[in-house]
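As structure tokens, the structure follows; a few thoughts come after it.
The model shown is predicted, which means the values in this text are computed figures rather than measured ones. Along the sequence shown, residues carry numbers from 1.
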Amino acid sequence: MIIAIDLGEKRVGIAITSLGIPQPYKTVARDNLITTLQEIIKNNKVESVVIGLPLNMDGTKGDRTIEAEKFAKKLKTIFNLPVILQDERLTTWDARKVMYKMGKEPLKDKSTLN
């Protein structure tokens with residue numbers, strides 16, 4: 001199993017991947033993130049963690065990129081698991097396109113884009 005993390009300023013989206021298919025798991029407040037990850041890792045056969053890396057469109061790093069990198073180092077230390085940083089440029093745009101095709105309006109229903 002792989003845990004995927006989307007770090008937001010106040011909330012964090014967590015997905016789990018089983019058999020190569022990512023599934024939304026839950027959204028948690030940032031201050032509950034480590035506890036939630038400990039529970040997931042304790043109760044499942046977690047092999048690695050993927051964290052979205054919010055690079056600028058030109059590939060440069062911003063404050064949120066540096067924050068994600070620091071968080072990745074922290075998780076490696078705490079859980080002793082491989083932590084992969086994944087470029088997430090345009091992923092929100094891609095998700096919105098899929099939702100429109102499904103007949104949903106993501107800007108009106110933000111709960112669908114945790």
I14 and I3, any side-chain heavy atoms less than 4.5 Å apart: yes
Those residues that, when tested against R30, pass side-chain hydrogen bond (donor to acceptor under 3.5 Å, both in side chains) (two or more places apart): E67
Residue pairs involving residues 43-53 (criterion side chain to side chain donor-acceptor pair (under 3.5 Å); sequence neighbours excluded): none
Atom pair NZ/OG1 of K10 and T27 - distance to nearest 0.5 Å: 15.0 Å
Qualifying residues under side-chain hydrogen bond (donor to acceptor under 3.5 Å, both in side chains), relative to Q38, sequence neighbours excluded: none
Remaining members of hydrophobic cluster (4.5 Å side-chain criterion), I66: none
Non-hydrogen atoms of A68 and I51 that approach each other most closely: CB-CG2, 4.3 Å
Counterpart residues, side-chain contact (heavy atoms from CB on, under 4.5 Å), relative to A29 (two or more places apart): D31, N32
Nearest atoms (heavy-atom pairs only) where G52 meets E88: CA-OE1, 3.3 Å
Criterion side-chain contact (heavy atoms from CB on, under 4.5 Å) on V46 and L81, from CA distance to verdict: CA-CA 8 Å; V46 175; L81 286 170; 3.8 Å; yes
Derivation and outcome, side-chain contact (heavy atoms from CB on, under 4.5 Å), residues Q86 and L53: CA-CA 5 Å; Q86 177 65 47; L53 187 64; 5.9 Å; no
Minimum heavy-atom distance between L33 and V28, given as atom pair plus value: CD1-CG2, 4.0 Å
Within one Ile-Leu-Val-Met-Phe-Trp-Tyr cluster: Y25 and I2, side-chain cutoff 4.5 Å: no
Hey, can you pull the donor-acceptor pairs under 3.5 Å for the side chains in residues 70-80, sequence neighbours left out?
residue : atom : partner : partner atom : Å
T77     : OG1  : K73     : O            : 3.1

Validation row: D6, V12 side chains within 4.5 angstrom (heavy atoms): no
Cluster check V50, I16: I/L/V/M/F/W/Y, side chain < 4.5 angstrom: no
Partners meeting side-chain hydrogen bond (donor to acceptor under 3.5 Å, both in side chains) with K61 (sequence neighbours left out): E69
